[in-house]
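Lettering follows sequence order; numbering is per chain, from 1.
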Protein chains: 2
Amino acid sequence: MASLSANDYLNKYFPQFELALKEKLAQHTSIKTFETGELMMQPGQYFRSTMLVVAGKVKLYRQGEDGGEFFMYYLEPGNACALSLICATKQETSEVMAKAVEKTTVLSIPIEIMDDLVRNYKTWYYFTLETYRNRFEELLQVIDSVAFKGLDERLMFYLKKQAEKLNTKQLPLTHQEIAADLNSSREVISRLLKKIEQRGDVILHRNYVEWLK
Amino acid sequence: MASLSANDYLNKYFPQFELALKEKLAQHTSIKTFETGELMMQPGQYFRSTMLVVAGKVKLYRQGEDGGEFFMYYLEPGNACALSLICATKQETSEVMAKAVEKTTVLSIPIEIMDDLVRNYKTWYYFTLETYRNRFEELLQVIDSVAFKGLDERLMFYLKKQAEKLNTKQLPLTHQEIAADLNSSREVISRLLKKIEQRGDVILHRNYVEWLK
DNA sequence: GCTTATTGGTGACTTTTGTCACATCGTTAA
DNA sequence: TTAACGATGTGACAAAAGTCACCAATAAGC
C-alpha cells in the first residue's frame with residue numbers, strides 16, 4: 001500500500017472538517033506510526049502534541065498500583081484522544097496507558113497551533129466537544145458495568161463491545177487476555193465463558209471466542 | 001443574608017474570568033436556586049442552559065437499571081457541570097443524576113451565547129477545558145477505586161473525599177447513606193466501619209462518622 | 001409518659017469471586 | 001519425534017460481599 005499523505009487521511013477520516021482547517025492541519029501535522037504492542041502514552045508523561053488516529057487501533061486502559069490492568073475503550077481512525085486534547089493544551093500529565101494493538105498511524109498536531117484551531121475553526125471546536133462527550137460517555141458505561149453488574153454481565157458487555165469494535169464474530173482473545181482487561185483471573189473467566197457457551201451465546205475455540213449474537 | 005447579584009457571584013467564585021466575560025455573563029445569565037434534596041438533572045432530560053454553581057453543593061451520581069445509586073462527585077461553588085457544558089451545546093440528553101444536597105444557587109447560561117463565549121473569551125475557553133479535565137480525572141479515580149480496590153479501601157477513599165469536600169471531620173452520613181453511595185448494603189458498611197474504627201481511623205457516632213486522619 | 005420509626009449491631013448463611021494445584025490438549029522448535 | 005510451552009479445563013478451598021433475621025438504642029411524635 002502506498003503511504004497516504006496527511007491530506008488523504010484528513011479527507012478520508014475527518015470529512016466533517018472545513019476545507020481551511022484541513023489545509024491548516026496538512027501544513028502543520030506530522031505523521032507518526034506505532035508498531036503493534038507499542039506503548040503510546042503512559043502515566044506521568046507530558047504531551048507536546050495531540051493525536052488524531054488515522055489507521056490501526058489504540059487501546060486505552062488504566063493501570064492499577066498493583067500492576068493490574070483495566071480496559072476502558074478503543075480509539076479508531078477518526079477518533080482523537082480526549083486526554084491528549086486536554087493535557088496538550090494544559091501541559092499536564094496523562095493518567096492512563098495507551099497501547100497500539102495494531103500497527104497504528106496518527107497525525108500529530110503540535111500544541112502551538114491548538115489555540116488557533118479552536119478559536120478559528122468551528123468544525124474543530126465541535127470535533128473536540130464531540131470527542132469529550134464520547135469519551136465521557138464511554139467512561140460512564142464502564143462505571144455502570146463495574147458498579148452495578150456482576151462479572152458475568154461485565155463479560156457479556158465486554159465481548160459485545162469487542163465484536164462491535166473489531167467488527168468480527170471471531171474475537172481473537174485468549175481467556176488470559178480477557179481476564180487481564182477485566183482485572184479478574186483466568187480461571188474465573190474460563191468458567192464464566194463455559195456458562196455463556198452452554199447458554200448458547202458464544203462458542204469457545206482455541207485462541208478465539210465466537211460471538212453468536 | 002442579602003442576596004447577591006450575578007456580578008457579585010462571578011467576582012467571588014470566578015475571579016479568573018476576564019472583565020469583559022464577567023460583564024457578558026452578568027447581562028445574559030439568570031440566577032436559579034434549588035432546595036435541599038431537589039433533583040437538578042436526570043437521565044433523558046434536555047438542557048437549554050449550562051450551569052455555574054455559586055452556592056451550595058450538588059451531588060452527581062449514576063443511577064443503575066435496578067434503581068441502585070452510585071456516587072461520582074460533588075460540584076461546589078466555582079465549578080460547572082461538565083455534562084451540561086457538553087450537552088447544552090450539542091442538545092443531547094444527560095446520563096447522570098444531579099441533586100442539590102444543600103440549598104444551591106446556580107448561574108444559568110443560555111445555550112445561545114455558548115458559541116460566542118468559547119470563541120471570544122479566552123478565559124472561558126480555558127475554564128471549560130479545566131472543567132472537562134477535572135471531571136474526567138474524578139471519573140478515572142472512581143474507576144480506579146471500583147476496578148482495583150476492595151470495598152474496605154473504597155470506603156476509606158469515600159470517607160476521605162467526603163471529609164475534604166464537606167470540610168469537616170464530623171461527616172453527617174448514616175451507614176445507610178454510605179451504603180447507597182457505594183452501591184453496597186448497610187450491614188456490610190456497618191461491619192467495615194467497625195473494623196476501621198478498631199484500627200483507629202474513625203470514631204462512630206449516631207448519625208455521623210468522625211474522621212480522624 | 002408511651003408508641004413508633006430510624007439507626008446501628010450481630011450471627012448465620014449464601015453467592016460470587018479469587019486462588020492453588022494439576023491435568024489435558026495443541027502447537028512449535030530443536 | 002519429542003520436549004517444551006501456552007491455552008484451557010476442573011476440583012477444592014478461601015476470601016469477600018450480600019442477605020436474612022432479629023435485637024438494642026435513640027429520637028420523634030402523640
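Rounded to whole angstrom, the span from the CG atom of Leu192(A) across to the P atom of dT15(C) amounts to 16 Å. When the P atom of dG18(D) is taken as reference, atom CD of Glu187(B) falls 10 Å away, rounded to whole Å. In this structure, Asn207(B) atom CG and dG8(C) atom C1' are separated by 10 Å, rounded to whole Å. We find that CD of Glu197(A) is positioned 12 Å from P of dT8(D), with the value rounded to whole Å. The NZ-P distance, from Lys149(B) to dT17(C), rounds to 20 Å in whole Å. Atom CG of Leu182(A) is separated from atom C1' of dT16(C) by 15 Å (rounded to the nearest Å). The distance between atom OH of Tyr208(A) and atom C1' of dG6(D), rounded to the nearest whole Å, is 17 Å. Between the CD1 atom of Ile189(A) and the P atom of dG6(D) there is a distance of 21 Å, given to the nearest Å.
Inspection of the Gln16(B) and Tyr126(B) side chains reveals no N or O donor paired with an N or O acceptor under 3.5 Å. Side-chain atoms of Lys22(A) and Asn7(A) form no donor-acceptor pair, as typed in the model, at a separation below 3.5 Å.
Heavy atoms of Ser185(A) sit under 4.0 angstrom from at least one base atom.
Ser184(A) has a side-chain polar atom (N or O) that falls below the 4.0 Å cut-off from OP1 or OP2 of dG18(C).
Checking dA17(D), dA7(D), dT17(C) against every side-chain atom of Val188(A), the shortest atom distance belongs to dT17(C). Minimum atom distance to the side chain of His175(A) is reached by dT8(D), of the listed dT8(D), dA12(D), dT17(C).
No hydrogens or angles were tested; on distance alone, a donor-acceptor pair under 3.5 Å links the side chain of Arg191(B) to the base of dT19(D). A donor and an acceptor atom sit less than 3.5 Å apart, one in the side chain of Arg186(B) and one in the base of dG9(C).
Summary for the helix from dG1(C)-dC30(D) to dA30(C)-dT1(D): the axes at its two ends, each from 5 pairs, differ by 30° when rounded to the nearest 10 degrees.
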Assess whether ring pair (Phe, Tyr, Trp, His ring centres under 6.0 Å) is satisfied between Tyr73(B) and Tyr61(B), documenting all intermediate values. CA-CA 7 Å; Tyr73(B) 48 76; Tyr61(B) 57 98; over 10 Å; no

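The shortest distance between side-chain heavy atoms of His205(B) and Glu210(B) falls below 4.5 Å.
Separation of the Phe14(B) and Phe127(B) ring centroids falls under the 6.0 Å cut-off.
A residue-by-residue look at Ser190(B) and Arg206(A) shows that Ser190(B) has its nearest nucleotide of DNA chain C further toward the 5' end.
Salt bridge Arg133(A)/Glu130(A): absent, no basic N to carboxylate O contact under 4.0 Å. Salt-bridge check for Lys149(B) with Asp144(B): failed, with every basic side-chain N at 4.0 Å or more from each acidic carboxylate O.
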